[in-house]
Every structure is written in structure tokens, then in C-alpha cells.
Chemist: 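Before anything else, here's the structure in question.
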Amino acid sequence: MVDSRDIRQHLDGLVARAVAAAVAAGELPDVAVPVGTVERPKDTAKGDFACTLAMRLARSAMRPPLEIAKVVARHFPADATVEPPEVAPPGFINLRLSAAFLQEQVETAIRLGGAYADGAIGRGKRAQVEFVSANPTGPLHVGNGRGAAIGDALASTLAAAGYEIEREYYVNDAGTQTDTFSDTLYARYQQLFGRDTPIPKDGYPGQYMSELAAEIKDAAGDAFLRPEGASCPLELNTIGIELMAKNIRASLDAFGVRYDRWYSEKSLYSPEGLYESAFGVLRANGQLAEREGALWFTSSDLGEEKDNVVVRSDGRPTYFASDIAYHYDKFIKRGFDLVINVWGADHHGHVSRLKTATRALGAADDALQVLLYQLVTLKRGGEVVRLSKRSGEIISLDELVEEVGKDAARFFFLLRSPGAQMEFDIDLAVKQSSENPVYYVQYAHARLASMLARAAEQGLTPEGGDVALLTQSHELGLVREMLRLPEVIELVATTYEPQHLPHYAMSLANAFHAFNDAFKQQDDSSLKVITDDVALTKARLRLVLAAKVALARVLDLMGMSAPDRM
RNA sequence: GCCCCCGUAGCUCAGCGGAUAGAGUGUCGGCCUCCGGAGCCGAAGGCACAGGUUCGAGUCCUGUCGGGGGUACCA
């Protein structure tokens with residue numbers, strides 16, 4: 001029995017055997033056979049898989065590809081998973097899965113349930129996905145939502161591919177932005193006591209800062225008030241950051257994101273801490289230099305465009321220094337095999353030097369992957385809304401979730417490839433919510449559930465159904481779509497491109513809707529799931545159950561709910 | 001200036017060097033005696049431009065034009 005996860009590899013093996021047989025028969029010269037030539041054709045009418053071996057071999061075998069294809073097809077071994085191959089110009093060998101194999105997949109999906117389509121490429125490896133990690137200096141905005149959706153879905157998919165996964169949020173609770181934040185907070189706080197204190201010129205003008213100050217005043221009165229002109233008391237700084245972090249945590253909670261760990265930047269600087277260890281390594285390797293009163297990471301020796309400051313001349317470490325210590329922890333202390341940092345594109349300039357630093361600390365070359373997502377342009381009332389904490393006017397993730405719902409927001413964020421800029425039209429998302437693709441997918445799941453329920457009312461269940469009765473094109477078409485899920489999971493887990501998930505989900509939902517409405521389209525009530533033919537009904541109910549498993553799985557990977565009723 | 005990402009249908013976007021470039025939405029036309037019409041089926045409509053590599057280019061390379069980001073002892 002061939003598992004749907006391994007089908008492509010299996011077909012590759014059959015191709016290799018066919019070539020070997022052809023060579024043995026003297027019909028092909030003994031040439032090196034390229035592997036991995038079995039792929040999905042764009043046009044599914046051609047077959048389930050297509051093999052491009054003949055074209056690739058044409059040059060070294062010095063024969064026309066069509067001829068090679070015919071020879072290979074002739075020697076193709078008989079196999080229970082596929083029909084005899086068909087050859088098409090200019091040299092494609094098209095493969096169609098057998099009904100028996102497809103039927104088997106229905107049983108596989110039911111048996112595996114929530115583990116259906118799990119893969120093994122990450123087996124035995126530990127991976128971390130760090131995402132959002134926005135500064136706790138303001139509420140999360142819409143752009144952070146994109147990072148949240150991408151990071152969470154990626155983590156889920158890597159887990160499905162066999163990785164042991166940790167989700168992490170890096171809390172920037174140290175550094176200059178933190179100081180600016182607390183200076184702003186303290187100014188707002190003082191204003192509540194009648195002082196005419198302006199907020200700092202690079203401060204945060206948003207309304208939320210005033211609200212935060214008021215919240216603190218309500219709880220603690222004037223406990224943090226210092227003589228006029230004094231700087232922000234440390235306790236206020238701490239409390240402000242904590243409250244903001246709590247706010248962020250609540251937003252992510254509402255968005256359905258659960259982290260395994262919230263990692264404090266400040267903790268890196270504890271005595272005998274990671275900062276010391278990491279910089280000890282760099283110092284020992286001669287990659288630190290003192291110059292102009294500051295400490296530099298001599299990254300230009302390692303191929304970077306320039307050196308980078310890690311400790312300023314006033315003695316304060318830079319953000320880069322924190323990140324070096326943090327990644328020392330990720331790779332050297334905690335030993336992750338793979339770390340994916342999901343960052344907004346505005347961090348682009350930071351990627352190369354961090355990778356260089358990570359390698360200098362001893363991590364493997366490709367162990368650190370930085371996934372950049374382009375920033376979100378928000379449209380409301382036909383106008384572009386600027387997204388910046390500094391401008392004060394932001395659309396928060398909370399507002400977005402409240403307006404369009406967590407499922408729809410996630411779906412839209414995932415739909416676009418991270419590298420592409422995306423436009424989020426709030427008015428449109430709200431107004432057309434009933435026509436959103438997200439509802440299309442969830443609706444398919446609800447219909448599947450209600451169909452099983454309706455059958456159950458008549459005493460009909462999937463138990464005992466014989467999938468061998470599933471032979472019609474509308475039935476096998478649905479199975480074909482289901483069995484793409486393992487491939488999609490592997491694709492996402494190797495390319496880190498989560499947009500394939502929602503696209504696949506739409507495709508699977510469409511296959512189900514088409515299956516479901518086939519009897520209308522063809523005006524043939526014998527194509528219904530529930531008919532007078534009990535044996536056939538039970539077989540189709542097994543298919544319905546299996547499709548529901550697959551659809552629920554992909555919704556789960558995207559962090560969306562799979563409703564039984566809508 | 002230099003570096004990175006992106007230019008695909010009216011709009012928002014998919015597309016791992018392979019066959020006739022897809023989806024959603026919008027427009028137009030069919031389908032409600034029908035297991036959920038939040039559905040199904042069909043039509044019109046497109047790879048920014050110019051070279052190159054390849055048996056084969058939306059995909060790879062070079063250049064031009066356009067959008068965004070980076071290029072700090074900010075994060």
C-alpha cells in the first residue's frame with residue numbers, strides 16, 4: 001500500500017525502473033537518469049502527474065524526446081497505483097492514478113483524522129518560529145496581524161511536517177524605544193496632574209498613551225509623580241511596558257495565537273547572562289573591535305558591507321547586540337535546528353548582518369531563515385491609511401478582528417505571498433463579508449457536517465461503507481483534491497510560503513461543492529450522497545467524512561475555525 | 001548613489017524552467033419540484049518594456065521604466 005504522502009516518490013521510482021528496463025533491452029543508451037521528474041501538470045485533464053524525463057534526457061541520450069517517452073512508457077512497470085502511462089508531445093509521460101489507489105485514500109484520511117496529511121521531513125528536528133515581536137510601545141496594528149497570521153500558520157504547518165515546534169514572541173523591553181515610550185507616558189501622566197509637560201519630540205502621540213496614563217493614575221494615583229523636571233521613574237517604565245505587553249498578549253489571544261514562550265530582551269543582560277557568553281565567543285574569535293569610543297562587530301571581515309556598532313560610545317548596547325545574544329540562545333544554548341524569524345520588510349537591512357553574526361557564533365549556514373513580509377496598506381473609505389505608531393493614527397489589530405472577524409482576517413493575510421505588498425480594504429472586507437472566500441471554505445465544511453447529520457437522522461452512517469463503490473468522476477475528483485494536502489504541507493514546510501494553504505483550501509472547497517452539486521448539474525438524482533441505495537450511500541458518506549477531515553485540517557493549519565453550522 | 005522585494009484579467013492576488021497562464025471579486029448569460037443558492041455551470045478579459053540563456057521563460061540573467069523597503073552609535 002502506498003501512502004498518499006509518498007506517491008510522487010513512488011512514481012519516480014516506477015519511472016526509474018522503466019528507464020532501467022529500456023536500457024537493459026538496448027532501447028535507450030545507458031545515461032544518467034535525472035530524479036524528481038514527476039510533477040503536477042497545470043492542466044489536470046492531462047493526468048494526475050506528468051513526467052518530464054524524456055525532455056531532460058533528450059540531449060544526453062541524443063534522441064528526440066517523444067521517442068524516449070514512448071520507449072519509457074512501453075517499459076513502464078504495471079503497478080496498482082497507476083493506469084498505463086500516456087505519451088504526449090513534446091515528450092510528456094502522463095500518469096493517472098488508479099481508482100483503487102484513490103479509494104484507498106478515503107480510508108487513510110478517516111483513519112488518520114486530525115493527523116491526515118502529516119509529513120516526515122521535519123522528523124527529529126526542532127524548529128522555532130519567532131513572530132510579531134512588536135515593541136511593547138503601542139497596541140498591535142494591522143501589519144502585525146499579517147505577521148501573526150503568517151508565523152502561526154507556518155508554525156502549524158511545520159509541526160504537521162514533523163518538526164517539533166516552538167512559537168516565540170521576543171519582547172523588546174529594553175532599549176531606546178522603551179525609553180521614548182516611558183518618557184511619553186510620564187508626560188501624559190503629568191498632564192493628568194495639571195502639569196504642562198509636552199511629550200518628547202520623537203514620542204508616541206497616539207491616544208492610547210493618554211488612556212494608559214489615565215489607567216495608571218486610576219490605579220496608583222500620584223504614586224509615580226516626581227518633582228517637576230525630574231525624569232520618568234523606573235517603576236513607571238516597568239509598569240507601562242508590562243501593561244502594554246498585556247494589551248498585546250490579549251490582542252493575539254483574540255486573534256487565536258498562542259505562544260510557547262514570551263522572551264524578554266532585558267533577560268539577556270542578567271549577570272553571567274547570554275550577552276556575556278555570546279560576546280565572549282565573538283571576542284575570542286577576534287570579531288570585536290573598539291573604535292571611536294564604541295564597540296564594533298567586525299562583520300566586513302566576514303563579507304558584510306560594513307562593520308556594525310554593538311555597544312554605543314555611551315555604553316548602551318544596540319538592538320543588534322541584543323539580537324546577537326538572543327540568537328546565541330536560540331542556536332547554541334537551546335539548539336534549534338531551524339529558526340524562522342518572521343519580520344516586517346522594514347527590518348530588511350538587519351537580515352544579512354544577523355545571519356553573519358549567527359554563523360560567527362557557530363550556527364549552521366541555513367539554520368536561520370528570515371521571512372520578510374511586505375507591509376500592509378490599509379484602505380478605508382477609498383483612502384489609504386498610514387500605518388505608524390508615530391503618526392498616532394493606526395488601525396489596531398483589535399479593530400480589524402472586531403470588524404471582519406479573526407477567521408477572515410487570517411485568511412486574507414495568508415492569501416498573499418509574504419513578499420508581495422498587500423492592500424487590505426476594510427470597507428470591502430466588512431461589506432462583502434458574506435461573499436468572502438473564507439466563508440466559501442467554511443461553508444463547504446458546514447455543508448459536509450450537515451450532510452452527515454442529515455444522513456444520521458435517517459440511520460445512515462459511514463460505518464461499513466465500501467469505498468470500492470466510489471468510481472464516478474465527481475467522487476474521484478474530490479478524492480484527487482483531498483490527496484493534494486500532504487503535498488501542500490510539504491511545499492509550505494520547505495518553501496515557507498503559507499499562501500498555498502488558503503489557495504488549496506479554496507480548491508478543495510470547490511471540489512466538494514462541485515461534488516455536492518453534480519446531481520443538479522447533470523440532473524441525475526442518483527448522484528446524490530443520500531439515495532435509496534444504502535451501500536452506495538454509506539460509501540459516499542465515507543467520502544464525505546474524509547473530505548471533512550481534510551478540510552478541517554487545512555482550516556486548522558490556517559488557524560481558522562471549521563464550523564459545523566453557519 | 002548602492003542593495004533588496006514587487007510589476008500577471010477592470011480590481012485584489014496565485015502560478016516548484018514544462019503542455020492551451022489560474023482564482024476571488026466585478027461584468028454578462030444559464031441553473032432553485034435541488035442532501036444548506038454563503039452554492040453550481042458557462043462567457044468576455046492579462047504576463048510593464050527590450051535583449052539574452054534554454055529543447056522549452058510569467059518563472060533564470062542583463063538593462064530600462066514604475067511602486068515599496070533598506071542603506072543610523074533607531075528598532
Chemist: Where the side chain of A/A446 is defined as all heavy atoms beyond and including C-beta, which of B/rG24, B/rA72, B/rG36 is the nearest nucleotide?
Modeler: B/rG36
Chemist: Could you give the distance separating B/rA9 and B/rG45 at their C1' atoms, to the nearest angstrom?
Modeler: 5 Å
Chemist: Using a strict heavy-atom distance below 4.0 Å, which residues from residues 516-536 of chain A are in contact with RNA chain B?
Modeler: A/N516, A/D517, A/F519, A/K520, A/Q521, A/K528, A/V529, A/I530
Chemist: Rounded to whole Å, how long is the line connecting atom CE of A/M55 with atom P of B/rU54?
Modeler: 18 Å
Chemist: Tell me what A/D346 touches on the nucleic acid: a base, only sugar-phosphate, or nothing, going by heavy atoms under 4.0 Å.
Modeler: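 Contact class for A/D346: base.
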Chemist: Which of the following nucleotides, B/rG37, B/rC13, B/rC73, is nearest to the side chain of A/M422?
Modeler: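 Looking only at heavy atoms from C-beta outward on A/M422, the closest nucleotide is B/rC13.
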Chemist: Could you tell me which residues satisfy salt bridge (charged side-chain N to carboxylate O under 4.0 Å, His left out) with A/R96, sequence neighbours excluded, listed by chain and number?
Modeler: none
Chemist: So if I take every side-chain heavy atom of A/R454 and compare against B/rC35, B/rG24, B/rA75, which nucleotide ends up nearest?
Modeler: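 Looking only at heavy atoms from C-beta outward on A/R454, the closest nucleotide is B/rC35.
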Chemist: Could you tell me how far B/rA43 sits from B/rC3 if I compare only their P atoms? Round to whole Å.
Modeler: 46 Å
Chemist: Using ring-ring contact (aromatic ring centres under 6.0 Å, His included) as the criterion, list what pairs up with A/W343, not counting sequence neighbours.
Modeler: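 So A/W343 forms a ring-ring contact (aromatic ring centres under 6.0 Å, His included) with A/H347, A/H350.
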Chemist: Could you work out, with salt bridge (charged side-chain N to carboxylate O under 4.0 Å, His left out) as the rule, every residue matching A/D314, not counting sequence neighbours?
Modeler: A/R316
Chemist: Using whole Å, what does the distance between atom C1' of nucleotide B/rG37 and atom OH of A/Y439 come to?
Modeler: 18 Å
Chemist: For A/R283, check side-chain hydrogen bond (donor to acceptor under 3.5 Å, both in side chains) against everything at least two apart and list the hits.
Modeler: none
Chemist: If the condition is ring-ring contact (aromatic ring centres under 6.0 Å, His included), which residues does A/F515 pass it with, not counting sequence neighbours?
Modeler: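 Per chain and number, A/F515 pairs via ring-ring contact (aromatic ring centres under 6.0 Å, His included) with A/H474.
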Chemist: Using the six-membered base ring of B/rA75, report whether A/H347 stacks on it, requiring centroids under 5.5 Å and planes under 30° apart.
Modeler: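 Check passed, A/H347 stacks on base of B/rA75.
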Chemist: With respect to the side chain of A/H500, which nucleotide from B/rG36, B/rG15, B/rG18 is positioned closest?
Modeler: B/rG15
Chemist: Between atom NE2 in A/H445 and atom P in B/rG39, what is the gap in whole Å?
Modeler: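 Going from A/H445 (NE2) to B/rG39 (P), I get 17 Å.
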Chemist: Tell me the interatomic distance from A/Y440, atom OH, to B/rC40, atom C1', rounded to whole angstroms.
Modeler: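 My rounded result for the distance is 9 Å.
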Chemist: Which nucleotide, B/rC40, B/rG18, B/rC13, lies nearest any side-chain atom of A/F92?
Modeler: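 The answer is B/rG18.
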Chemist: Taking for each residue the nucleotide of RNA chain B bearing the nearest heavy atom, is the 5' side occupied by A/R8 or by A/P317?
Modeler: A/R8
Chemist: Could you pull out all residues at least two apart from A/F424 that satisfy ring-ring contact (aromatic ring centres under 6.0 Å, His included)?
Modeler: A/F412, A/F413
Chemist: Counting side-chain heavy atoms from CB outward, which of B/rC40, B/rA19, B/rU12 is closest to A/H513?
Modeler: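 Among the listed nucleotides, the one closest to the side chain of A/H513 is B/rC40.
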Chemist: Once hydrogens and angles are ignored, does a donor-acceptor distance under 3.5 Å link the base of B/rC73 to the side chain of A/S313?
Modeler: yes
Chemist: Check every atom of B/rA19, B/rG39, B/rC73 against the side chain of A/A294 and return the nucleotide holding the closest atom.
Modeler: B/rC73
Chemist: Say you pick atom P in B/rG58 and the same atom in B/rG17; how far apart are they, in whole Å?
Modeler: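 Approximately 13 Å lies between the P atom of B/rG58 and that of B/rG17.
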Chemist: Suppose you measure atom C1' in B/rC47 against the same atom in B/rC13; what distance do you get, rounded to whole Å?
Modeler: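 Rounded to whole Å, the distance is 14 Å.
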Chemist: Among the candidates B/rA14, B/rC41, B/rU12, find the nucleotide nearest to the side-chain atoms of A/N510.
Modeler: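 Per side-chain heavy atoms of A/N510, the pick is B/rC41.
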Chemist: Can you run through RNA chain B from 5' to 3' and write each base as (, ), [, ], | or . depending on how it pairs? Watson-Crick or G-U wobble, both distances under 3.5 Å.
Modeler: (((((((..((((....[...)))).(((((.......)))))....(((((..]....))))))))))))....
Chemist: Salt bridge between A/R8 and A/E487, side-chain N to carboxylate O under 4.0 Å?
Modeler: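 Answer for the salt bridge query: yes.
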Chemist: Have a look at A/D179 and say if it touches a base, only the backbone sugar-phosphate, or nothing, with a 4.0 Å heavy-atom cut-off.
Modeler: nothing
Chemist: Would you mind building the protein contact string for nucleotides 1-10 of chain B? One character per nucleotide, 5' to 3', B for base within reach (heavy atoms under 4.0 Å), S for sugar-phosphate only, - for untouched.
Modeler: ---SSS----
Chemist: Salt-bridge test for A/R540 and A/D533: reply yes if a basic N is under 4.0 Å from a carboxylate O, no otherwise.
Modeler: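 Answer for the salt bridge query: no.
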Chemist: How about A/Y440 and A/N510: does a side-chain donor come under 3.5 Å of a side-chain acceptor?
Modeler: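 Checked: A/Y440/A/N510 side chains pair up, N/O donor to acceptor below 3.5 Å.
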Chemist: Roughly how many Å is it from CZ in A/F515 to P in B/rC40, rounded to a whole number?
Modeler: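 Rounded to whole Å, this separation is 14 Å.
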Chemist: Side chain of A/H503: nearest nucleotide among B/rG36, B/rA14, B/rU71?
Modeler: B/rA14
Chemist: With sequence neighbours excluded, what pairs up with A/H500 under the ring-ring contact (aromatic ring centres under 6.0 Å, His included) test?
Modeler: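 For A/H500 there are no ring-ring contact (aromatic ring centres under 6.0 Å, His included) partners, ignoring immediate neighbours.
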Chemist: Any donor-acceptor pair, under 3.5 Å, between the side chain of A/N94 and the base of B/rA19, if you only look at N and O atoms?
Modeler: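 Side chain to base: pair present.
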Chemist: Measuring to OP1 and OP2 of B/rG15, would you say a side-chain N or O of A/R40 lies under 4.0 angstrom away?
Modeler: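 The answer is no; no side-chain N or O of A/R40 sits under 4.0 Å from OP1 or OP2.
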Chemist: Output the rounded distance in Å from CG (A/L543) to C1' (B/rC35).
Modeler: 14 Å
Chemist: With rounding to whole Å, what would you report as the distance between B/rC6 and B/rU54 at their C1' atoms?
Modeler: 25 Å
Chemist: Taking atom P in both B/rG52 and B/rA57, compute the distance separating them and give it to the nearest angstrom.
Modeler: 12 Å
Chemist: Indicate, with a heavy-atom threshold strictly under 4.0 Å, whether A/R353 touches base, sugar-phosphate, or nothing.
Modeler: base
Chemist: Once you apply a heavy-atom cut-off of 4.0 Å, does A/R316 come out as touching a base, just sugar-phosphate, or nothing?
Modeler: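 The answer is nothing, as A/R316 stays clear of every strand by at least 4.0 Å.
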Chemist: For A/L452 and B/rG36, give me the distance from atom CG to atom P, rounded to whole Å.
Modeler: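 Rounded to the whole Å, the gap is 11 Å.
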Chemist: Is a donor on one side and an acceptor on the other found under 3.5 Å between the side chain of A/T184 and the backbone of A/Y204?
Modeler: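 Yes.
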Chemist: Whether A/T318 contacts B/rC73 is assessed here as follows: a side-chain N or O lying under 4.0 Å from the phosphate OP1 or OP2. Is that the case?
Modeler: no
Chemist: Not counting sequence neighbours, which residues clear salt bridge (charged side-chain N to carboxylate O under 4.0 Å, His left out) with A/E86? List them please.
Modeler: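 Once residues adjacent in sequence are excluded, A/E86 has no partner under the salt bridge (charged side-chain N to carboxylate O under 4.0 Å, His left out) criterion.
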Chemist: Counting any heavy atom closer than 4.0 Å, what does A/S450 reach on the DNA or RNA strands: base, sugar-phosphate only, or nothing?
Modeler: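 Contact class for A/S450: base.
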Chemist: What distance, rounded to whole Å, do you find between the two C1' atoms, one in B/rG1 and one in B/rU20?
Modeler: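 To the nearest whole Å, 46 Å.
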Chemist: Quote, to the nearest angstrom, the P distance that separates B/rC5 from B/rA44.
Modeler: 37 Å
Chemist: Select from A/R416 and A/P90 the residue whose nearest nucleotide in RNA chain B is closer to the 5' end of that strand.
Modeler: A/R416
Chemist: Which whole-number value in Å describes the distance from A/D323 CG to B/rA72 P?
Modeler: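 My rounded result for the distance is 17 Å.
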Chemist: So A/L414 and A/Q499, do their side chains get closer than 4.5 Å, heavy atoms only?
Modeler: no
Chemist: Looking for any heavy atom pair under 4.0 Å, which part of the strands does A/E292 touch: base, sugar-phosphate only, or nothing?
Modeler: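 If one applies the 4.0 Å heavy-atom cut-off, A/E292 turns out to touch a base.
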Chemist: Sequence neighbours excluded, which residues qualify as salt bridge (charged side-chain N to carboxylate O under 4.0 Å, His left out) partners of A/R291?
Modeler: A/D307
Chemist: Quick one: do the A/K266 and A/N172 side chains pair a donor with an acceptor below 3.5 Å?
Modeler: no
